[in-house]
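Ligands are counted one by one from 1 in listed order, and the atoms in each one are counted from 1 as well. The first residue in the sequence is number 1, and the count goes up from there.
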Amino acid sequence: MTGTSELPLVILTHSLPEEWLHSLEGHCRIVRGPWDATYLDPSLEAYLDQAEGIFCMLTIKVDRNLLERAPSLRVVSNMAVGYDNIDVPECTRRGIPVGFTPGVLTDATADLAMALLLTMARRLPEASQDARGGRWKTWSPAGWLGADLNGATLGIVGMGKIGQAVTQRARGFGLKVIYSDTSRLASEMEQRLNVTWKPFEELLETSDFISIHVPLTSQTRGLFGSHQLRLMKPTAILINTSRGPVVQTDALLKALQENWISGAALDVTDPEPLPANHPLYTLPNCLIVPHIGSATRETRRRMAELACQNLLAGLENKPLPHCVNPEVYQVKQ
Ligand code: DGY
């Protein structure tokens, strides 16, 4: 029988509900960080040199510096579908597989994108504040007028799993969906989803709503700057549930202040978190929520489940069920 001290050491960068971690019992020793952490907690740094696994969240940078201090590392398991917090090429070079959690957060994130779209279309934050603030004097024939969804055009930027799930929801509201992506869907898939591919600039010019669903890469960083925001309709609403740096914050601030576009709803920001005194919070046509796309009870439990599966596979030197860098197995041979 293996004594506890012989079990591999895993750094869990955050605290998580115990019931999410049952599958790890008896397979590893865990040292854990606080419930909320933007950086690797200093109390965990001392364990880096013995750690064989890291179970991390998207706020933790797993970069060359960290990897250099963790020579025994055999697996990095990120509890997220996005992995821009991890230096994947460096992990691959070191023979370390990186796990992620695709699929299980598609619906929750698509639901939030639609919720933000509806909220902004119907100006719910302003209307609610007016009601609470005593500015609701009577039924107002021309008050709080919002945007119609039926017959309007939704432009999806990034037609992966989440973009497709938003498309399916959007159809129920009568939205016509166009999309832009570096690779086109197969034509039968386009037909099934009833979507049309458009060049990015045409999508910007013709959409009433734009919802962003691209990963953060060197190509998508800053994708929405002044030029792109100026191309959008003055009535258009921008929704971002992907990664903050895809939209240039200063350009967006100006676009909203000067009414280049009508509104924006952000689940993600740059920087993240956006400081409480940031001017974007003062704008009535901007809604910001704290990166809650996957924040439903079942979704987060399932993300943890997948992250545990990846971690255990890595510790057992087996292929990760959800691996970002499967080429690592070729490198190892
Ligand atoms: C992810 O998993 O990448 C999401 O942003 C978390 O909500």
Counting only heavy atoms closer than 4.0 Å, does ligand 1 sit against the backbone of [X], its side chain, both, or neither?
| X | value |
| --- | --- |
| Leu58 | side chain |
| Leu105 | side chain |
| Arg243 | side chain |

Give a yes or no on whether a salt bridge exists between Arg29 and Glu52, defined as a side-chain N under 4.0 angstrom from a carboxylate O.
no
Contact check, side chains of His213 and Thr241, non-hydrogen atoms, under 4.5 Å:
yes
Find out whether Leu283 and Leu253 are in side-chain contact, i.e. whether some heavy atom of one side chain is under 4.5 Å from a heavy atom of the other.
yes
Is [X] in polar range of ligand 1, meaning some N or O pair under 3.5 Å apart?
| X | result |
| --- | --- |
| His291 | yes |
| Gly82 | yes |
| Arg300 | no |
| Val81 | yes |

Where the side chain of Asp181 meets the backbone of Met159, is there a donor-acceptor pair that is under 3.5 Å apart?
yes
Nearest non-hydrogen protein atom, atom 6 (C) of ligand 1:
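Looking at atom 6 (C) of ligand 1, the protein heavy atom closest to it is Ser294 OG, 3.4 Å.
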Does anything in residues 209-235 pair up under salt bridge (Lys or Arg N to Asp or Glu O under 4.0 Å), and if so which pairs, sequence neighbours excluded?
Asp208-Lys233
Only counting residues at least two apart or in another chain, list the ones meeting ring-ring contact (aromatic ring centres under 6.0 Å, His included) with Phe173.
none
